Protein chains: 2
Amino acid sequence: MKDSTGGQTRIQRTKIATISDAALDVFSANGFRGSTVDEIARAANLSKPNLLYYFPSKEAIHTHLLTALMDTWLDPLRQIDPEGDPLEEVLTYVRRKLAMSRDMPRESRLFANEIIQGAPWMSASLERDLKPLVDEKAAVIAHWMQNGRLKPADPHHLIFSIWSLTQHYADFDVQVRAVLGPEVRDPFPEAEAYLLTLFRRLLRI
Amino acid sequence: MKDSTGGQTRIQRTKIATISDAALDVFSANGFRGSTVDEIARAANLSKPNLLYYFPSKEAIHTHLLTALMDTWLDPLRQIDPEGDPLEEVLTYVRRKLAMSRDMPRESRLFANEIIQGAPWMSASLERDLKPLVDEKAAVIAHWMQNGRLKPADPHHLIFSIWSLTQHYADFDVQVRAVLGPEVRDPFPEAEAYLLTLFRRLLRI
DNA sequence: ACGCATTTTGACCAATCGGTCAAAGAGGAG
DNA sequence: CTCCTCTTTGACCGATTGGTCAAAATGCGT
């Protein structure tokens, strides 16, 4: 009955996935404190005690989601290649981050909720995982700029601006659509064109 | 005992201000659903029934804050002068928005929480107040670009990018400080220099 | 079909939620 | 001081919160 994948049964794997998906819906829409276990259970079509059979507590579900997310979230940044073409590496990073906003808006909002509310669960991970990675990639970018392959600009704030601009289209989706009006079905093509223009003009020698 | 200012007593004015300030602390840190009336009352040094003597409900406090905020929030955009120097008008808007992130981070987070969670209270105001103003100013900017006084770029997304980049330093303050490290006491001077460079390179002919 | 581990459930718990109410307290105009 | 309005409070309400528990139901290998 046990399974090779981390000592989990087939049912456990599917139910945990179902619960995670439902919890992502609820947490990303209401934040941790604004979400209830009943609501997650309802979204997962499970009774509350049944849900708490798979996760020991509401906080455990939340932590599970955040730790799983952190890796996915940093992946595009890790892929920046010091040996690649500087401008193209940055623009590819922008494209990847914007694609994540388009394809994983719930994850983006879960992350945003956590940070806005002071990162009570993730602040340790920010120092331990995020800071070193950003420092490393910022050094790569700074090196490119010193070699005259990119126009100079503060590398850390460059990375901040990429995060900010791309995640905006997921986190503030309601506002973007309200301003653009209903005739704009999909803001992302326009957004990508604008952002690529922006970073080309900022960085291109 | 009554006062000329909208039929409010002196005590009412000061207590309502105290409650609003406390509620801004709580709502901006936890979102509407994640906040409790008890917590706001505690932050305002009032008993819960006393607080509910000045506001009929938790929702009324929240609505009060949001409606008051909407005006303040749109003010810098309103100040863009069609007769002014195009680049300087945009850069001044950036400076004003960044100053608001520095001086009113709680208001920024209150707004961000509301939008991220689908704008359940503000979506009407977004269509009624925000969209027309943005369309008007976007037309001004488009006109500048057509006259060759700014480099061409999508005006709506230009405005989005200003919102996104400036509010990031309030809403994601924890992340910014975690990445920059404790030796950077105040990220805002660096941020302003970076953002002004960014928009100059994007728009300057 | 058996037997055992896994899964699901309804009933239940103390604590907290938003909000009410009657009564007590405070403060100023006459 | 007196009276009346405004302010404050403790006690309380039903509903909901996160979480528990024993018992029932359901797999699943043999």
Side-chain angles (χ1 to χ4, degrees), chain A residues 1-27 29-66 113-114 117 120-121, chain B residues 1-27 29-66 113-114 117 120-121:
Chain A
M1 184 162 282
K2 289 292 181 80
D3 185 85
S4 59
T5 315
Q8 287 185 346
T9 68
R10 181 170 8 109
I11 295 181
Q12 280 173 357
R13 250 178 294 126
T14 65
K15 288 291 162 86
I16 286 177
T18 305
I19 293 170
S20 297
D21 190 69
L24 183 56
D25 270 341
V26 175
F27 281 134
N30 304 90
F32 177 76
R33 289 184 46 168
S35 304
T36 71
V37 177
D38 288 275
E39 202 178 350
I40 298 171
R42 212 179 310 128
N45 270 315
L46 259 55
S47 67
K48 184 167 59 170
N50 195 8
L51 186 150
L52 289 167
Y53 168 75
Y54 292 100
F55 286 93
S57 70
K58 172 184 170 184
E59 189 175 341
I61 312 174
H62 192 241
T63 302
H64 174 73
L65 288 179
L66 285 183
N113 267 311
E114 166 72 3
Q117 305 186 358
W121 283 276
Chain B
M1 186 163 280
K2 287 292 183 80
D3 186 85
S4 59
T5 316
Q8 288 185 346
T9 68
R10 185 174 1 113
I11 295 180
Q12 279 172 359
R13 249 178 296 123
T14 63
K15 287 291 163 81
I16 285 176
T18 305
I19 294 170
S20 297
D21 190 69
L24 183 56
D25 269 342
V26 175
F27 282 135
N30 302 39
F32 177 76
R33 289 184 46 168
S35 304
T36 71
V37 177
D38 289 275
E39 201 177 353
I40 299 172
R42 213 179 309 128
N45 270 316
L46 260 53
S47 68
K48 184 167 60 171
N50 196 8
L51 185 150
L52 289 167
Y53 169 76
Y54 292 100
F55 286 93
S57 68
K58 172 184 169 183
E59 189 175 341
I61 312 175
H62 191 241
T63 302
H64 173 74
L65 289 179
L66 284 184
N113 268 310
E114 166 70 4
Q117 306 187 358
W121 283 275

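Note that the coordinates shown come from a computational prediction; the quantities given were computed from them, not determined experimentally. Letters A, B, ... are given to chains in the order of the sequence lines, protein chains preceding strands, and every chain is numbered from 1.
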Sugar-phosphate only, base, or nothing, as touched by B:Phe55 at under 4.0 Å among non-hydrogen atoms: nothing

Contact under 4.0 Å: A:Tyr54 side-chain N or O vs C:dT8 OP1/OP2: yes

Sugar-phosphate only, base, or nothing, as touched by A:Ser47 at under 4.0 Å among non-hydrogen atoms: base

Any A:Gln12 side-chain N or O less than 4.0 Å from OP1/OP2 of C:dT6: no

Smallest separation among heavy atoms of A:Gly31 and B:Gln117, with atom names: N-NE2, 4.1 Å

Selected nucleotide, minimal atom distance to A:Val37 side chain, candidates D:dG10, C:dT9, D:dG18: D:dG18

Whole-Å distance separating the NE2 atom of B:His62 from the P atom of C:dG19: 13 Å

N/O (side chain, A:Lys48) to phosphate O (OP1/OP2, C:dT9) under 4.0 Å: no

Geometric class of the A:His62/A:Phe32 ring pair [parallel <30°, tilted 30-60°, perpendicular >60°]: tilted

Nucleotide C:dG10, atom C1' - distance to CG of A:Leu46 in whole Å: 15 Å

Whole-Å gap separating P (C:dG19) and CD (B:Glu39): 15 Å

N or O in side chain of B:Thr36 less than 4.0 angstrom from C:dC17 OP1/OP2: yes

D:dT7 phosphate, OP1 or OP2, under 4.0 Å from B:Tyr53 side-chain N/O: yes

Residues A:Lys58 and A:Glu39 bridged, charged N to O under 4.0 Å: no

Whole-Å distance separating the CG atom of B:Asp38 from the C1' atom of D:dA15: 15 Å

Atom of A:Ala43, atom of A:Val26 and distance for their closest heavy-atom approach: CB-CG2, 4.4 Å

Between C1' of D:dT8 and CZ of B:Arg42, the distance in whole Å: 18 Å

Length of the CZ-C1' vector between B:Arg33 and C:dT16, whole Å: 16 Å

Residue whose closest nucleotide on DNA chain D lies nearer the 5' end, A:Lys58 versus B:Leu51: B:Leu51

Under-4.0 Å side-chain N/O to phosphate OP1/OP2 contact, B:Asn50 with D:dT9: yes

Taking every non-hydrogen atom, the tightest pair across A:Leu51 and A:Ile61: CD2-CD1, 3.5 Å

Atom pair distance, as rounded to whole Å: CZ in A:Phe32 and P in D:dG18: 8 Å

Closest to side chain of B:Ser57, choosing from C:dG19, D:dT9, D:dG19: C:dG19

Between D:dC6 (P) and B:Ile16 (CD1): distance, integer Å: 14 Å

